[in-house]
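Per chain, numbering begins at 1; letters A, B, ... match sequence-line order.
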Amino acid sequence: MADIRTSLSDSLCAALAAAGAEAPEGFRAGLERPARREHGDWSSNAALALARGAGRNPRELAAELAVWLEENKPEHVAEVSVAGPGFVNFKLAPSWLHRVVVDAVAAGTEHCGRQNLGQGRTVIVEFVSANPTGPVHAGHGRGAAYGDAVARLLERCGYKVQREFYINDRGTQMGLYADSLAAARGGAPAPADGYSGRYIAEWAAGMPSDADARQWGRQRALADQRDVLESMAVVFDTWSSEQALVDSGAIDDTLAALNAAGASYEADGALWLRSSDYGDDKDRVLVKSDGEYTYLLPDIAYHRDKLGRAGPGGLLINVWGADHHGYVARMKAAMAALGSDPASLEVVVTQLVRLEREGEEVRLSKRTGDIIELREVIGEVGADAARFTYLLQSMDTAPTFDLARAAARVMENPVFYVQMAHARVCSIAARARADGVAPPSVEQVDLGVLVHERELEIMRLLSALGEVIAAAAEERAPHRVTAWLRDFAAAVHSFYHDCYVMGAGISPELTQARLVLIDAARVGLAVGLGTLGVSAPESM
RNA sequence: GCCCACGUAGCUCAGGGGAUAGAGCACUUGCCUCCGGAGCAAGGGGCCGCAGGUUCGAAUCCUGCCGUGGGCGCCA
């Protein structure tokens with residue numbers, strides 16, 4: 001459908017021109033949905049923003065715009081008014097909302113809410129990337145839910161997305177892990193600074209005596225991680241190995257490229273990156289004085305490789321935990337030194353999640369050994385609830401994940417509340433089929449009978465879904481969808497309570513129209529849940 | 001000490017230049033004898049951490065301070 005925003009914005013510009021208050025170059029009339037219903041469906045601050053430059057009184061300018069717009073009404077506009085200090089408010093006709101319903105049903109879950117922001121641009125979203133030295137824990141769960149939701153949102157917005165997992169299968173930690181496994185296998189205590197979690201003994205017991213602890217342990221950990229992640233519907237397209245990069249010679253190529261760019265130098269027997277020339281606090285070591293690579297160098301090679309795979313115009317999005325934030329500047333510096341566009345690498349830093357059970361905080365620290373594995377979280381609350389709960393808040397907050405609350409199958413639990421709304425509309429539709437009520441054809445139904453406030457509210461919220469998805473994708477903020485879903489589900493439950501689709505006192509015409517409405521609601525709920533990777537059950 | 005994020009209702013959090021600041025939980029009060037399933041509605045409750053600044057307009061942007069979490073290795 002013709003975007004209502006575009007239509008209103010075009011009309012506003014025309015009105016401004018007619019009022020002799022031509023908008024300056026690059027001006028975009030602010031169009032927003034007012035917080036209060038009495039301010040209409042859409043509102044513009046154009047008069048407020050432009051009055052000063054035009055030497056006009058904002059309220060008078062707004063009045064002039066309103067008069068012109070009343071005489072030259074854009075499609076679906078019922079009324080234009082002036083309010084407050086000089087807002088121009090648009091009240092839309094129900095035809096606009098009916099359009100929303102028809103479009104949602106026609107698009108279905110496959111296409112509803114789709115945007116074309118990406119225009120086929122390639123994005124590689126890298127997330128989780130846990131070390132292959134143990135199971136993924138509850139903290140990784142947030143990164144997993146978030147990274148996958150961002151990927152899903154970008155897909156719905158027209159990007160070509162690859163989900164990627166980077167395997168740090170080289171270096172000190174791997175050595176300690178292998179030694180720990182070998183020690184446990186032989187019944188010896190863990191080496192100093194080694195791994196001593198319960199899983200070490202468990203895994204070591206299954207390790208063949210002739211196995212290479214490093215290789216075997218790597219496979220064991222990866223298989224475990226992959227299983228758990230897949231149990232929450234997170235599936236990666238690419239698993240990139242650090243060791244493979246080293247073996248391929250990509251590290252030496254990268255080193256040569258950095259040298260050629262004059263971005264490295266030798267000091268104290270080590271090789272350094274001039275990262276401070278590119279915005280970092282200080283220079284960083286690439287090759288240690290003992291000849292070993294630091295973690296940084298292979299990671300630079302890895303990002304260089306990823307950029308190549310993303311191709312011209314491609315975008316890299318990394319999801320990192322807050323404990324890696326200090327690492328962002330040096331990686332960007334390295335990419336800048338290699339001459340890449342700074343905008344092609346984006347790092348989202350997610351704050352750490354606090355886990356709570358029965359009001360008792362559970363530490364996620366690996367060192368203390370009392371980590372909560374992601375497997376346990378999923379086992380306790382289920383994959384859907386885990387994902388939804390992880391995505392309840394902005395990644396900038398360090399939220400508390402209450403296991404008991406997430407696991408509860410009650411309406412107070414937001415996941416359950418939203419899924420229940422979906423199951424409810426499905427069950428009404430099923431009931432209609434069982435009663436022999438013919439499924440309505442969208443074209444033939446008169447939606448004009450949908451005038452109940454509950455019905456209007458569902459339609460208004462549904463009309464915002466596309467904007468919500470676009471904003472969530474652009475801001476890498478899936479929690480916007482979560483928030484919308486909670487509002488939308490509330491509207492559906494209210495409708496369910498106040499408006500019967502079938503039964504005594506409901507005319508056949510109203511039944512038909514409401515069946516179409518709940519089908520649109522079903523699509524909206526399924527699409528919202530789908531972008532979060534949460535299932536939309538037809539019954540619960 | 002330096003860097004990043006956060007500080008909004010009793011609690012968990014949305015909102016991130018616009019009009020009278022929102023939701024859920026908890027609390028109070030109505031409704032829900034029957035339908036499609038685990039409800040719906042109303043109400044109380046806020047110096048939006050503090051102090052300055054920018055702006056026609058600041059919870060929102062800037063500066064400083066206070067508080068919380070995280071980070072500041074030739075670890076990964």
Base, sugar-phosphate, or nothing for [X], non-hydrogen atoms under 4.0 angstrom?
X	value
Q393(A)	sugar-phosphate
D487(A)	nothing
A398(A)	sugar-phosphate
R59(A)	nothing
P399(A)	sugar-phosphate
A83(A)	base
R36(A)	base
T482(A)	nothing
S289(A)	base
H479(A)	sugar-phosphate
L48(A)	base
V501(A)	base
R284(A)	nothing

Between [X] and [Y], does any side-chain N to carboxylate O distance fall below 4.0 Å?
X	Y	value
K306(A)	E164(A)	no
K91(A)	D41(A)	no
E509(A)	R514(A)	no

Between [M] and [N] - [atom1] atom distance, rounded Å:
N	M	atom1	answer
rG57(B)	rG67(B)	C1'	30 Å
rC34(B)	rG10(B)	C1'	39 Å
rC66(B)	rG16(B)	P	29 Å
rU29(B)	rG17(B)	C1'	39 Å
rA42(B)	rG24(B)	P	10 Å
rA23(B)	rG46(B)	C1'	15 Å
rU12(B)	rG49(B)	P	15 Å

*What are the two closest heavy atoms between K282(A) and R284(A), and how far apart are they?*
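What the structure gives for the nearest pair is O-NE, 3.5 Å.
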
Take atom [atom1] of [X] and atom [atom2] of [N], then tell me their distance rounded to the nearest Å.
X	N	atom1	atom2	result
F416(A)	rC25(B)	CZ	C1'	17 Å
Y327(A)	rC75(B)	OH	P	12 Å
Q419(A)	rG37(B)	CD	P	18 Å
R514(A)	rC35(B)	CZ	P	18 Å
K282(A)	rG71(B)	NZ	P	15 Å
M502(A)	rC35(B)	CE	C1'	9 Å
W320(A)	rA5(B)	CH2	C1'	16 Å

*Examine the base of rG71(B) for any acceptor or donor lying under 3.5 Å from a partner atom in the side chain of D323(A), and report the outcome as yes or no.*
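Side chain to base: no pair below 3.5 Å.
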
_Whether the side chain of N89(A) and the base of rA19(B) hold a donor-acceptor pair under 3.5 Å is what I'd like checked._
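Answer yes: a donor N or O sits under 3.5 Å from an acceptor.
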
_Tell me if the aromatic rings of H493(A) and Y417(A) count as close, with their centers under 6.0 Å from one another._
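Centroid separation for H493(A) and Y417(A): below 6.0 Å.
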
*Closest listed nucleotide, where the reference is the side chain of T294(A) and the choices are rC74(B), rA41(B), rG18(B)*: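 From the listed options, rC74(B) comes nearest.
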
*Got a sec, which residues hit ring-ring contact (aromatic ring centres under 6.0 Å, His included) with F388(A), two or more places apart in sequence or on another chain?*
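Per chain and number, F388(A) pairs via ring-ring contact (aromatic ring centres under 6.0 Å, His included) with no residue.
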
*Kindly write out the residues that satisfy ring-ring contact (aromatic ring centres under 6.0 Å, His included) with Y302(A), not counting sequence neighbours, or none if the list is empty.*
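Testing Y302(A) for ring-ring contact (aromatic ring centres under 6.0 Å, His included), a comparison that skips the adjacent residues, returns Y166(A).
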
*Under the criteria of a ring-centre distance below 5.5 Å and an interplanar angle below 30°, is Y496(A) stacked with the base of rG39(B)?*
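Ring-base stacking flag not set for Y496(A) and rG39(B).
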
_Contact under 4.0 Å: R354(A) side-chain N or O vs rC6(B) OP1/OP2_ =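 R354(A) to rC6(B) OP1/OP2: no side-chain N or O under 4.0 Å.
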
*For atom CD of E538(A), is the number of surrounding heavy atoms from other residues, nucleotides or ligands below 6.0 Å larger than 12?*
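For E538(A), atom CD is not crowded (no more than 12 foreign heavy atoms under 6.0 Å).
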
*asked:* Is it the case that the side chains of S275(A) and R330(A) hold a donor-acceptor pair, with the cut-off being a distance below 3.5 Å and no angle test?
replied: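 Their side chains do not contain a donor-acceptor pair, so the 3.5 Å distance test is not met.
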
_Stem list for RNA chain B, please, built from Watson-Crick and G-U wobble pairs under 3.5 Å and keeping only runs of at least 3._
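RNA chain B forms these stems: B:1-7 with B:66-72, B:10-13 with B:22-25, B:27-31 with B:39-43, B:49-53 with B:61-65.
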
*Does the side-chain contact (heavy atoms from CB on, under 4.5 Å) test come out yes or no for E455(A) and L510(A), once each step is laid out?*
CA-CA 11 Å; E455(A) 298 164 335; L510(A) 189 52; 4.3 Å; yes

